[in-house]
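All remarks here apply to the structure that follows.
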Amino acid sequence: MQIATGVKDAQSDVRALGGIVNPATQNPSKSGNSYFSSIDDLHHVFLVDFDVAVTVAENTGTNAQAKLNVATILSLGAGGQSANSSAATNRLTFKVPLALPLDEPSHTKLSGEIAAGRARVRDALGY
């Protein structure tokens, strides 16, 4: 959600500066390993890599405490004091296919250009 929301929020600000965030494209670069697929001629799906570190720390003693930390962003725990502690860290890596919100003006423009090109081909072929 944060990635898609960030892209959508940035589109108008970047457009005001003369740029485009996630423009509609007809031929995406397939040379990297992030291109996954296409929904249609202009809307493409890319793989977003996630690498998450999960740390579990456990303290034992008269007042026990267990705590879970996920990449220092999320921390869940129950309080207490202890004398001994142990910790384990695991990394989770995964990919999520994601089609980001398209820049609407570029989508509208390119869709119109494609439709006009197809109409010229149909006319030339007599359809």
Side-chain angles (χ1 to χ4, degrees):
M1 286 293 299
Q2 291 175 341
I3 294 170
T5 301
V7 166
K8 190 69 174 168
D9 291 345
Q11 286 174 333
S12 60
D13 292 339
V14 172
R15 181 166 285 288
L17 297 171
I20 300 174
V21 174
N22 199 35
T25 58
Q26 200 166 9
N27 299 309
S29 171
K30 297 177 184 178
S31 61
N33 60 356
S34 65
Y35 178 82
F36 182 69
S37 183
S38 293
I39 294 173
D40 55 37
D41 287 343
L42 307 177
H43 203 171
H44 308 290
V45 180
F46 295 90
L47 293 174
V48 178
D49 292 306
F50 289 89
D51 188 346
V52 180
V54 178
T55 303
V56 177
E58 184 176 350
N59 295 323
T60 58
T62 56
N63 295 318
Q65 178 182 16
K67 192 170 191 176
L68 171 68
N69 291 311
V70 178
T72 69
I73 295 172
L74 173 64
S75 178
L76 303 171
Q81 296 178 352
S82 68
N84 300 314
S85 66
S86 64
T89 300
N90 293 297
R91 291 180 67 183
L92 305 171
T93 58
F94 55 95
K95 297 176 186 280
V96 175
L98 180 61
L100 293 168
L102 286 176
D103 174 72
E104 283 302 321
S106 71
H107 183 258
T108 301
K109 179 181 180 209
L110 192 51
S111 294
E113 290 171 1
I114 291 170
R118 287 179 179 161
R120 285 191 299 274
V121 169
R122 280 193 305 272
D123 290 344
L125 295 175
Y127 291 134

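All values derive from a computational prediction rather than experimental measurement.
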[X], [Y]: one ILVMFWY side-chain cluster at the under-4.5 Å cut-off?
{"X": "Leu110", "Y": "Ile39", "result": "no"}
{"X": "Val52", "Y": "Ile3", "result": "yes"}
{"X": "Leu92", "Y": "Leu98", "result": "yes"}
{"X": "Val14", "Y": "Leu102", "result": "no"}
{"X": "Val21", "Y": "Tyr35", "result": "no"}

Starting at [atom1] of [X], measure out to [atom2] of [Y] and round the result to the nearest 0.5 Å.
{"X": "Ser111", "Y": "Asp41", "atom1": "OG", "atom2": "CG", "result": "8.5 Å"}
{"X": "Ile20", "Y": "His107", "atom1": "CD1", "atom2": "NE2", "result": "13.5 Å"}
{"X": "Leu42", "Y": "His44", "atom1": "CG", "atom2": "NE2", "result": "6.5 Å"}
{"X": "Ser38", "Y": "Gln26", "atom1": "OG", "atom2": "CD", "result": "10.5 Å"}
{"X": "Thr108", "Y": "Glu113", "atom1": "OG1", "atom2": "CD", "result": "11.0 Å"}

Which heavy atom of Ser106 sits nearest to which heavy atom of Pro23, and what is that distance?
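Taking every non-hydrogen atom into account, OG-CA, 3.4 Å.
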
Minimum heavy-atom separation for Ala4 and Pro101, please, with both atom names.
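Smallest interatomic distance, heavy atoms only, reads O-CG, 3.7 Å.
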
Can you say whether the rings of Phe94 and Phe50 are parallel (under 30°), tilted (30 to 60°) or perpendicular (over 60°)?
parallel

Only residue of Lys8, Arg15, Gln11, Lys109 satisfying side-chain hydrogen bond (donor to acceptor under 3.5 Å, both in side chains) with Asp103 is Arg15

Examine distances only and state if a side-chain atom of Ser37 and a backbone atom of Val45 form a donor-acceptor pair shorter than 3.5 Å.
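Such a contact is absent between Ser37 side chain and Val45 backbone.
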
Hey, does the side chain of Asn90 reach the backbone of Val54 with a donor-acceptor pair shorter than 3.5 angstrom?
no

Would you indicate whether the side-chain heavy atoms of Val121 and Leu125 approach each other to under 4.5 Å?
yes

List in chain and number order the residues that pass ring pair (Phe, Tyr, Trp, His ring centres under 6.0 Å) with Tyr127, two or more places apart in sequence or in another chain; answer none if no residue qualifies.
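Ring pair (Phe, Tyr, Trp, His ring centres under 6.0 Å) list for Tyr127, sorted by chain: empty.
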
